[in-house]
Amino acid sequence: MIKQYILNQLGTALQNAALHLNNLAVDDSLLAGFKLERPRNPEHGDYAVNVSFLARQTKMPPPKIAEVIGSHLSNVAVIGGYLNFTITESMLAEALAALIHSAKPGLNSSLQAERILLEYVSANPTGPLHIGHGRWAALGDSIVRILRHCGALVTAEFYINDAGVQMGNITTAVYWRAVELLKAEGLLPDSLSLPEVLPYPGEYVIDVASMYLADEVRKAQFIAAHSDGQAALENEALQNDLKVFSKKVLLENQQGLLNRMRVHFENWISEKEYLYDRDLIPGTLQRLAGKGFTFEADDALWFKSTEFGDEKDRVLRKSDGSYTYLTPDIAYHDDKFNRPDRYNRILNIWGADHHGYIPRMCGAIQALGHDPAQFEVLLGQLVNLIVEGERTRMGKRRKMLTLQDVVDEVGVDATRFWMVSKSADSSLDFDVDLAASASSENPVFYVQYAHARCCSILRNAVEPAPNVDTGEMVAPFVQADALQQFEAALKPEQLALLFDSLSEPREKAVLKTLLLHLDGFEDAVKDAARLRAPHFITQYLLDVAAQFHSFYSICRILTPEPALTQARLMLIRAIQKILAQGLELLGVSAPEKM
RNA sequence: GCCUCAGUAGCUCAGUUGGAUAGAGCAACCGCCUUCUAAGCGGUAGGUCACAGGUUCGAAUCCUGUCUGGGGUACCA
């Protein structure tokens with residue numbers, strides 16, 4: 001808000017000064033070039049603008065340019081090529097009052113025109129979610145919340161990979177685990193021996209098998225299928241039932257955890273039901289072929305992805321007649337573009353291990369006549385799990401630590417905050433022992449503590465409390481209803497006491513920094529949305545919390561002076577609102593007590 | 001080999017479209033609880049922004065090359 005105000009002032013000043021700047025053409029693109037920043041050195045004002053970039057156009061030295069523009073502005077000091085703005089207390093009061101009156105701080109319409117379909121996590125229903133899925137889950141859901149806060153229309157979608165080879169593998173694994181369990185019960189002969197290596201060796205497969213056998217009817221049918229003493233892997237009815245059952249159990253397990261993590265999807269798209277059962281794939285293939293982008297070679301059907309910059313052509317239908325992973329995925333993405341929702345942005349979060357997959361998918365999208373500029377993939381670098389100080393490759397361990405284990409250990413709030421507190425471009429080390437043992441040192445608690453502290457102050461302000469010495473109950477600092485009225489009808493002028501009561505320059509400086517930062521929340525949200533970078537929000541919240549803790553330590557909020565107390569409480573209220581809103585954008589709870 | 005992400009304080013990482021003296025947390029050291037939550041605050045110390053060139057008035061940021069690490073480079077998913 002304050003930044004925008006300054007930019008507006010600057011625009012007017014530029015127009016007035018254009019004549020003296022060699023007839024500089026002042027338009028929006030020129031104004032967009034001005035970058036407002038908070039100088040480190042307090043002598044450089046509260047906001048600063050560097051005008052050096054105008055030197056070439058105007059053929060004038062930067063200090064001269066700054067001087068000319070500065071002469072058309074108030075509250076500005078010119079040093080070298082810089083315009084240093086000083087923010088007045090009345091502007092700060094106005095910004096604070098605006099925050100108090102805003103139902104949802106940071107809410108804006110910067111992405112109002114966007115209709116976004118965001119697909120993320122999209123795990124195979126073949127096992128528990130791992131730590132990497134946790135990163136995409138936290139990242140995706142936070143991005144959804146942030147985009148919506150900027151006015152975008154967003155649909156979150158989970159693509160269930162339930163039609164491929166992996167579903168067959170998990171079925172086989174569950175089958176053998178069931179055999180194993182029944183052998184132990186003496187219900188199947190010992191001659192049925194397990195293969196040396198199961199496609200899914202994890203122990204959870206035993207749980208699935210045992211749940212399957214808990215159904216007496218299924219158990220009886222399973223045993224009956226082995227009347228000849230041979231393995232029943234070829235028994236289609238049995239295999240199908242096992243497959244459907246396993247998928248249901250494993251998917252529900254994933255959904256349960258995501259739900260617990262407050263990660264929400266509007267759509268759960270089953271590859272099998274949505275693509276195969278509705279026969280969508282041949283249609284897409286036909287359109288590709290019709291446009292001449294496919295060819296047959298070596299008994300396989302190929303996509304000419306090299307025509308779209310891919311390094312080699314890709315197989316769509318293998319020589320055995322089945323599709324590669326790519327093919328249904330092309331049909332799926334084709335469908336995303338064709339939906340009646342008319343999305344103008346198809347956004348995916350993929351792990352960095354799928355990076356090489358982008359050119360062919362992008363090529364297919366182009367080949368099918370869609371706009372590749374609307375297709376956007378957010379690549380997240382992988383997560384390293386650190387157990388007992390050792391880096392473990394995910395999934396390579398027989399007994400791996402699942403996302404569920406991690407969430408049990410460190411909690412939803414800490415997991416989510418940690419997962420989005422670093423740029424998705426950086427690979428992330430997740431030290432489980434550290435996160436578990438030192439959970440009280442987790443940055444999320446720092447922010448939550450600041451929020452709880454605000455709430456505590458707001459509670460104490462209106463509640464009668466016992467006198468420290470006498471134990472007698474004394475009246476609250478302010479009356480609850482009076483405070484409520486004050487807040488509802490707050491005018492910037494009523495905040496004058498907030499500033500006047502502070503005499504020390506350091507106190508004033510801390511307050512000003514805090515207010516300017518609170519005022520910058522909307523910008524933080526916009527930046528986070530534009531760059532799909534929730535870590536801007538975590539960073540922002542940590543800064544607010546630090547500045548609040550700092551202010552708290554030098555300035556008492558609850559005083560015997562009701563008018564002063566009320567003014568200071570407005571600051572606390574604004575901080576509390578912003579912390580709560582920021583945490584909500586990250587799907588992290590904002591406790592009122594800790 | 002090629003594609004891609006990263007390399008910033010002892011450790012983990014921020015640093016937005018290039019701007020004034022490079023930041024935080026943890027670890028280390030020194031202080032602060034008779035008053036609203038010490039899960040807190042103040043202070044000290046800690047840097048060849050991997051390296052070398054280039055562009056620019058100005059580079060941690062952009063370009064080129066080199067080195068190191070992660071990921072990818074299937075008729076796997």
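Only heavy atoms go into these numbers, but all of them, side chains included; no hydrogens, no water, no symmetry mates. Being a predicted model, the structure only gives us computed values, none of them experimental.
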If you look at every strand shown and take non-hydrogen atoms under 4.0 Å, does [X] touch a base, only sugar-phosphate, or nothing?
{"X": "A/Asn124", "result": "sugar-phosphate"}
{"X": "A/Arg506", "result": "sugar-phosphate"}
{"X": "A/Asp425", "result": "sugar-phosphate"}
{"X": "A/His549", "result": "sugar-phosphate"}
{"X": "A/Cys454", "result": "nothing"}
{"X": "A/Asp329", "result": "nothing"}
{"X": "A/Glu271", "result": "nothing"}
{"X": "A/Asn41", "result": "base"}
{"X": "A/Asp527", "result": "base"}
{"X": "A/Gln448", "result": "nothing"}

Interatomic distance at [atom1], [N] relative to [M], whole Å:
{"N": "B/rC62", "M": "B/rU17", "atom1": "C1'", "result": "12 Å"}
{"N": "B/rU21", "M": "B/rA60", "atom1": "P", "result": "11 Å"}
{"N": "B/rG7", "M": "B/rA50", "atom1": "C1'", "result": "6 Å"}

Nucleotide nearest [X] when distance is taken to its side chain, options [options]:
{"X": "A/Gln381", "options": "B/rG70, B/rC75, B/rA39", "result": "B/rG70"}
{"X": "A/Lys318", "options": "B/rA38, B/rA77, B/rU16", "result": "B/rA77"}
{"X": "A/Asp429", "options": "B/rC75, B/rC36, B/rU12", "result": "B/rU12"}
{"X": "A/Ser423", "options": "B/rA14, B/rA39, B/rG42", "result": "B/rA14"}
{"X": "A/Tyr357", "options": "B/rA77, B/rA14, B/rU37", "result": "B/rA77"}
{"X": "A/Glu37", "options": "B/rC75, B/rA20, B/rA77", "result": "B/rA20"}
{"X": "A/Arg314", "options": "B/rA74, B/rU37, B/rG71", "result": "B/rA74"}
{"X": "A/Ser319", "options": "B/rC75, B/rG19, B/rG23", "result": "B/rC75"}

Can you tell me if the side-chain N/O atoms of [X] get under 4.0 Å from OP1 or OP2 in [N]?
{"X": "A/Lys422", "N": "B/rG25", "value": "no"}
{"X": "A/Lys312", "N": "B/rC2", "value": "no"}
{"X": "A/Lys35", "N": "B/rG19", "value": "yes"}
{"X": "A/Tyr552", "N": "B/rA38", "value": "yes"}
{"X": "A/Arg40", "N": "B/rG23", "value": "yes"}
{"X": "A/Tyr449", "N": "B/rA39", "value": "yes"}
{"X": "A/Tyr446", "N": "B/rC41", "value": "yes"}
{"X": "A/Thr559", "N": "B/rC36", "value": "no"}

Contacts of type side-chain contact (heavy atoms from CB on, under 4.5 Å), residue [X], not counting sequence neighbours:
{"X": "A/Pro199", "answer": "A/Asn169, A/Thr172, A/Ala173"}
{"X": "A/Pro372", "answer": "A/Cys362, A/Gln366"}
{"X": "A/Ala152", "answer": "A/Leu111, A/Glu114, A/Ile116, A/Leu147, A/Val154"}

If you assign each of A/Ala32 and A/Asp313 to its closest nucleotide in RNA chain B, which residue comes earlier from the 5' end?
A/Ala32
Assuming nearest nucleotide by heavy-atom distance, tell me which of A/Ser456 and A/Gln166 is located more 5' along RNA chain B.
A/Ser456
Report the glycosidic orientation of B/rC33: syn if within 90° of 0, anti in every other case.
syn
Compile the donor-acceptor pairs under 3.5 Å between side chains in residues 353-361 of chain A and protein atoms, sequence neighbours left out, one pair per line.
from     : atom 1 : to       : atom 2 : distance (Å)
A/Tyr357 : OH     : A/Asp329 : OD2    : 3.0
A/Arg360 : NH2    : A/Gly356 : O      : 3.3

How far apart are the C-alpha atoms of A/Leu585 and A/His149, what are their side-chain angles, what is the distance that settles it, and do they pass the side-chain contact (heavy atoms from CB on, under 4.5 Å) test?
CA-CA 8 Å; A/Leu585 291 178; A/His149 214 58; 3.8 Å; yes
Polar-atom pairs under 3.5 Å, protein N or O versus N or O of nucleotides 60-63 of chain B: list them with distances, or write none.
none

Under the rule for salt bridge (Lys or Arg N to Asp or Glu O under 4.0 Å), what residues qualify as partners of A/Glu376, not counting sequence neighbours?
A/Arg345, A/Arg532
Sequence neighbours excluded - salt bridge (Lys or Arg N to Asp or Glu O under 4.0 Å) pairs with any residue from residues 555-580 of chain A:
A/Glu487-A/Arg573
What pairs of nitrogen or oxygen atoms, one from the protein and one from nucleotides 26-33 of chain B, lie under 3.5 Å apart?
none

Could you list all N or O pairs between the protein and nucleotides 54-57 of chain B that sit under 3.5 Å apart?
none

Residues 48-55 of chain A, side-chain donor-acceptor partners within the protein, below 3.5 Å, at least two apart:
from    : atom 1 : to      : atom 2 : distance (Å)
A/Asn50 : OD1    : A/Ser52 : N      : 2.7
A/Asn50 : OD1    : A/Ser52 : OG     : 2.7
A/Asn50 : ND2    : A/Tyr82 : OH     : 3.1

Side chain to side chain donor-acceptor pair (under 3.5 Å) against A/Thr327, all qualifying residues, sequence neighbours excluded
A/Thr324
In residues 532-548 of chain A, which residues come under 4.0 Å of RNA chain B by heavy atom?
A/His535, A/Phe536, A/Gln539
